[in-house]
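Take a look at the structure set out below.
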Amino acid sequence: MIAPLPRRFFDRNAAEVAPELVGCLLVRRADRALRIARIVETEAYVGEHDLACHAKVGRTARTDPMYGPPGHAYVYFIYGMHHCVNAVCGPGGAPNAVLLRAAAPLDESRRTALGLTERAASPLLHSATGPGNLCRALGIDLGENRADLCDSKSPLWIARGIGAAPVLWTGPRIGVDYAAEWAGAPLRFCDRDDAHVSRPRPPRAKVTPRRGR
DNA sequence: CTTGAGATGCCCT
DNA sequence: GGGCATCTCAAGA
């Protein structure tokens, strides 16, 4: 059993939750199989005053899940062809959410730690780099909107990370240039060293080796 | 490496 | 009708 995070984990401002979700496990149940990926990139959307947050227009049919209880999924359809999935946060019903932007397949040591063979871990259908690709890789669409992320019987849930903790890199959110002073807010969180983070990528951690000599 | 355009549908005004 | 929390490919520097 891969235990879901407790609901109180999500009942906080998204800016607190988003960095802690990097490294956590995203578990998708489709039929009887589980597909498990490690979250490597998130963004925080922090309420009606955040001009990049969908809740800036208030509570509508689309944004309604953000006003519901924390620890549920907010899925939306965008650009005519992509889905994106968020974890609804809080606190206390505040319309905060964390966009899940990228995930990585489990490496061998993490599969072993969970007692999973590669086959049992059901590798991702596609690359999960970028929020649209992440949903495609895990088969997430509006059918998962409002799913309870704190229930292991749910079609989608989130569990604590395992193995080495990620090295976090923080930067401005992607695709929100219209959001005035909120465009540059450092609310994007990445596992600096994971190859599945979307572009623009964090600066390289290791020093580029000199050529020659 | 960077920039730009097109695909494509739904929500909100 | 406008705009969008994206992605891919192609072209240029």
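To find a chain, count down the sequence lines: A is the first, B the second, and so on, and within it residues start at 1. These numbers were taken from a predicted model, which means no experiment stands behind them.
Between the C1' atom of C/dC7 and the CZ atom of A/R101 lies a distance of 11 Å, rounded to the nearest Å. B/dA7 atom C1' lies 14 Å from atom CD1 of A/I78, rounded to whole Å. A/Y74 places its OH atom 11 Å from the P atom of B/dC11, with the value rounded to the nearest Å. Regarding A/H82, its NE2 atom lies at a distance of 14 Å from the C1' atom of B/dC10, rounded to whole Å. Between the P atom of B/dC12 and the NZ atom of A/K56 lies a distance of 11 Å, rounded to the nearest Å. In this structure, the CG atom of A/L142 is 8 Å from the P atom of B/dC11, given to the nearest Å.
In terms of modelled atom types and a separation under 3.5 Å, the side chain of A/T63 and the main chain of A/G58 share a donor-acceptor contact.
Looking at A/R110 and A/D107, a side-chain N of the basic residue comes within less than 4.0 Å of a carboxylate O on the acidic one, giving a salt bridge.
Residue contacts for A/G132: at a heavy-atom cut-off of 4.0 Å it reaches the sugar-phosphate backbone alone, with no base atom in range. Contact annotation for A/Y178: backbone-only contact, meaning every heavy-atom pair under 4.0 Å involves sugar-phosphate atoms and none involves a base. Within the 4.0 angstrom heavy-atom criterion, no nucleotide atom of any strand lies near A/R173. Among the heavy atoms of the strands lying under 4.0 Å from A/N133 are primed sugar atoms or P, OP1, OP2 only; no base atom is included.
With B/dC12, C/dT6, B/dC10 as the candidates, the nucleotide lying closest to the side chain of A/F77 is B/dC10. Of the listed nucleotides (C/dA5, B/dC12, C/dC7), C/dC7 has the atom at the smallest distance from the side chain of A/P131. Between C/dT6, B/dC12, C/dA5, one nucleotide has an atom nearer to the side chain of A/I174 than all others, and that is C/dT6. Taking only side-chain atoms of A/R199, from C-beta outward, the nucleotide of B/dA7, C/dA5, B/dT2 with the closest atom is B/dT2.
Across all strands shown, C/dC4 pairs with B/dG9; the Watson-Crick or G-U wobble distances both stay below 3.5 Å.
At B/dC10, none of the side-chain N or O atoms of A/Y79 fall inside 4.0 Å of OP1 or OP2 (strictly under the cut-off). Applying the 4.0 Å criterion to OP1 and OP2 of C/dT6, one finds that A/R136 has every side-chain N and O outside that range.
Cation-pi geometry between A/R173 and A/Y45 is met: under 6.0 angstrom from the ring centre, within 45 degrees of the axis.
Pairing each heavy atom of A/I36 with each of A/L124, the nearest pair is O-CD2, 4.4 Å.
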(message) Walk me through whether A/L106 and A/R38 qualify under side-chain contact (heavy atoms from CB on, under 4.5 Å).
(response) CA-CA 6 Å; A/L106 297 188; A/R38 181 172 173 275; 4.1 Å; yes
